[in-house]
Amino acid sequence: MERRKRKGFFRYDNVGILFVLPAFLYMLVFVGYPIVKNIVLSLQDVTVRTLTASDKPFVGLKNYIEIFQDPVFTKSLVNTLLFTVCCLIVQFLIGFLLALFFNQHFRISKPVRGLMLIPWMIPITVTALMFKFIFGTDVGILNYALRSLGIISQNIDWLTSADTALAAIISANVWIGIPFNMILISTGLTTIPKELYESASIDGAGKLQSFFKITLPLLRPTIESVLILGFIYTFKVFDLVYVMTGGGPVNSTHMLSTYSYKLSFEMFKYSKGAAVANVLLVILLIVGVFYLRATKEEEGNG
């Protein structure tokens, strides 16, 4: 009887569970456990002295209260939001325009569009080193070009000045994110039937009217996905900032991720670092829920 039940389990619909099981176990071990462990860590007082102790002191929400009173944390949160919003706006607009441009299908559109993917394919660490060289004070390409054109008379401290460091990082991330926006929007444009534009043209609609009445409404699901996914990818930025400025100068470019790293592995305040990481996690979870709801509504309408 039990053997027959096992055969029934493996032969019919439940077989799908076996295919999902490896991915579920992977997520449980390598994602679920670290998240739970990090939450527990944030509720304790773990430093270098208590790291190996079997009974770590429990402090409840003390770490969260202290980080929200920390001006560097507040600065990091504001920087993260400002960085994310600026990057999203600029890279989306440029990516959208490029997608419309390459959608015209001229002779070299495909090769050029392929070349535009290079910034997205290059490892972020390499991109960070490249932009660090571009924005260098003494040997930077940008300062050399501006001096050659007579725009500036002395070098600008792009990465070592609190006034310009964040803008330099934003420009680097925009360069990375433009291909991501362009490709996703280009894919969305290919799903719009050409017959709609032909019908609109017959009815006397111009290109501007077709854009606002056909292109934008039908691209709405794609635009929502691009913006939400872009927010998630940008909000958790770490390696780009860490390589280019390390959070400096004077904490002016710290993001939540880099400040969490600094607290944990430079100041050895592991519990406070975990608390900052959990704040980042909660924000991304909220955005992720909105993305899932938007996707579900889109499928329901479809």
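The structure presented is a predicted model; accordingly, all values stated were derived computationally and were not measured.
F231 meets the ring-ring contact (aromatic ring centres under 6.0 Å, His included) test with F235; sequence neighbours excluded. Not counting sequence neighbours, F102 has no partner by the ring-ring contact (aromatic ring centres under 6.0 Å, His included) test. Remark: T245 engages T253 in a side chain to side chain donor-acceptor pair (under 3.5 Å) (not counting sequence neighbours). Considering only residues two or more places apart in sequence or on other chains, F68 meets the ring-ring contact (aromatic ring centres under 6.0 Å, His included) condition with F73. Every side chain to side chain donor-acceptor pair (under 3.5 Å) that Y259 has, sequence neighbours left out, goes to D70. For Y233, the ring-ring contact (aromatic ring centres under 6.0 Å, His included) partners two or more places apart in sequence, or in a different chain, are F180.
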(request) Please report the C-alpha distance between L51 and F268 in whole Å, then the side-chain angles of each, then the deciding distance to 0.1 Å, and finally whether the side-chain contact (heavy atoms from CB on, under 4.5 Å) criterion is met. (result) CA-CA 10 Å; L51 181 62; F268 306 109; over 6 Å; no

(request) Check the pair I192, L219 against side-chain contact (heavy atoms from CB on, under 4.5 Å), reporting the backbone distance first and the verdict last. (result) CA-CA 8 Å; I192 301 177; L219 272 182; 4.2 Å; yes

(request) Step by step, work out the side-chain contact (heavy atoms from CB on, under 4.5 Å) result for N173 and T234. (result) CA-CA 8 Å; N173 194 76; T234 308; 3.7 Å; yes

(request) Could you go through the side-chain contact (heavy atoms from CB on, under 4.5 Å) check for V241 and M244 one step at a time? (result) CA-CA 5 Å; V241 179; M244 288 186 68; over 6 Å; no

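Once rounded to the nearest 0.5 Å, the distance linking NE2 of H254 with OH of Y242 reads 10.0 Å. Atom CG of L196 is separated from atom OG of S201 by 12.5 Å, given to the nearest 0.5 angstrom. Atom CG in L281 sits 10.0 Å away from atom CD1 in I286 (nearest 0.5 Å). A distance of 9.5 Å separates CG in N251 from CG in N79, rounded to the nearest 0.5 Å. With values rounded to the nearest 0.5 angstrom, L218 atom CG is found 10.0 Å from L189 atom CG. Going from atom OG of S252 over to atom NZ of K75 covers 6.5 Å, rounded to the nearest 0.5 Å.
When hydrophobic side chains of Ile, Leu, Val, Met, Phe, Trp and Tyr are connected at separations under 4.5 Å, I65 ends up as a singleton with no cluster partners.
Residue I223 is not grouped with residue L97 when hydrophobic side chains (ILVMFWY) are merged at heavy-atom distances under 4.5 angstrom, including chains of intermediate members. Hydrophobic clustering places L229 together with L81 (ILVMFWY residues linked when any side-chain heavy atoms are closer than 4.5 Å, directly or through intermediates). A continuous path of hydrophobic side-chain contacts links Y291 to V85 [ILVMFWY only; heavy atoms under 4.5 Å].
Within a 6.0 Å radius of NZ in K56, other residues, nucleotides and ligands contribute more than 12 heavy atoms. Remark: R147 CZ is packed, more than 12 non-hydrogen atoms of other residues, nucleotides or ligands lying under 6.0 Å away.
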Donor-acceptor pairs are to be reported for all side-chain atoms of residues 209-217 against protein atoms at under 3.5 Å, with residues two or more places apart or in another chain.
{"from": "Q209", "atom 1": "OE1", "to": "G206", "atom 2": "N", "distance (Å)": "3.1"}
{"from": "S210", "atom 1": "OG", "to": "G206", "atom 2": "O", "distance (Å)": "3.0"}
{"from": "T215", "atom 1": "OG1", "to": "Y197", "atom 2": "OH", "distance (Å)": "2.6"}

For residues 115-133, run the donor-acceptor check on the side chains, cut-off 3.5 Å, and write out each pair with its distance to 0.1 Å, sequence neighbours left out.
{"from": "T127", "atom 1": "OG1", "to": "P123", "atom 2": "O", "distance (Å)": "3.3"}
{"from": "K132", "atom 1": "NZ", "to": "V243", "atom 2": "O", "distance (Å)": "3.4"}

Distance-only donor-acceptor pairs under 3.5 Å for side chains of residues 31-44, two or more places apart:
{"from": "N38", "atom 1": "ND2", "to": "A274", "atom 2": "O", "distance (Å)": "3.2"}
{"from": "N38", "atom 1": "ND2", "to": "N278", "atom 2": "OD1", "distance (Å)": "2.9"}
{"from": "S42", "atom 1": "OG", "to": "I39", "atom 2": "O", "distance (Å)": "2.6"}
{"from": "S42", "atom 1": "OG", "to": "Y64", "atom 2": "OH", "distance (Å)": "2.7"}
{"from": "S42", "atom 1": "OG", "to": "N278", "atom 2": "ND2", "distance (Å)": "3.2"}

Would you tabulate the side-chain donor-acceptor contacts of residues 161-169 under 3.5 Å, counting partners in other chains and residues two or more places apart, or write 'none'?
{"from": "S161", "atom 1": "OG", "to": "D163", "atom 2": "N", "distance (Å)": "3.4"}
{"from": "T164", "atom 1": "OG1", "to": "D157", "atom 2": "O", "distance (Å)": "3.1"}
{"from": "T164", "atom 1": "OG1", "to": "W158", "atom 2": "O", "distance (Å)": "2.8"}

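A 4.5 Å side-chain heavy-atom check between L285 and V289 finds every atom pair outside the cut-off. Between I283 and L77 there is a side-chain heavy-atom pair separated by less than 4.5 Å.
Put simply, the side chain of T84 gets close to the backbone of T80: a donor and an acceptor are under 3.5 Å apart. With hydrogens and angles disregarded, a donor-acceptor distance shorter than 3.5 Å links the side chain of N143 to the backbone of G136.
Legend: salt bridge (Lys or Arg N to Asp or Glu O under 4.0 Å) pairs involving residues 255-282, not counting sequence neighbours, sorted by first then second residue: E66-K272.
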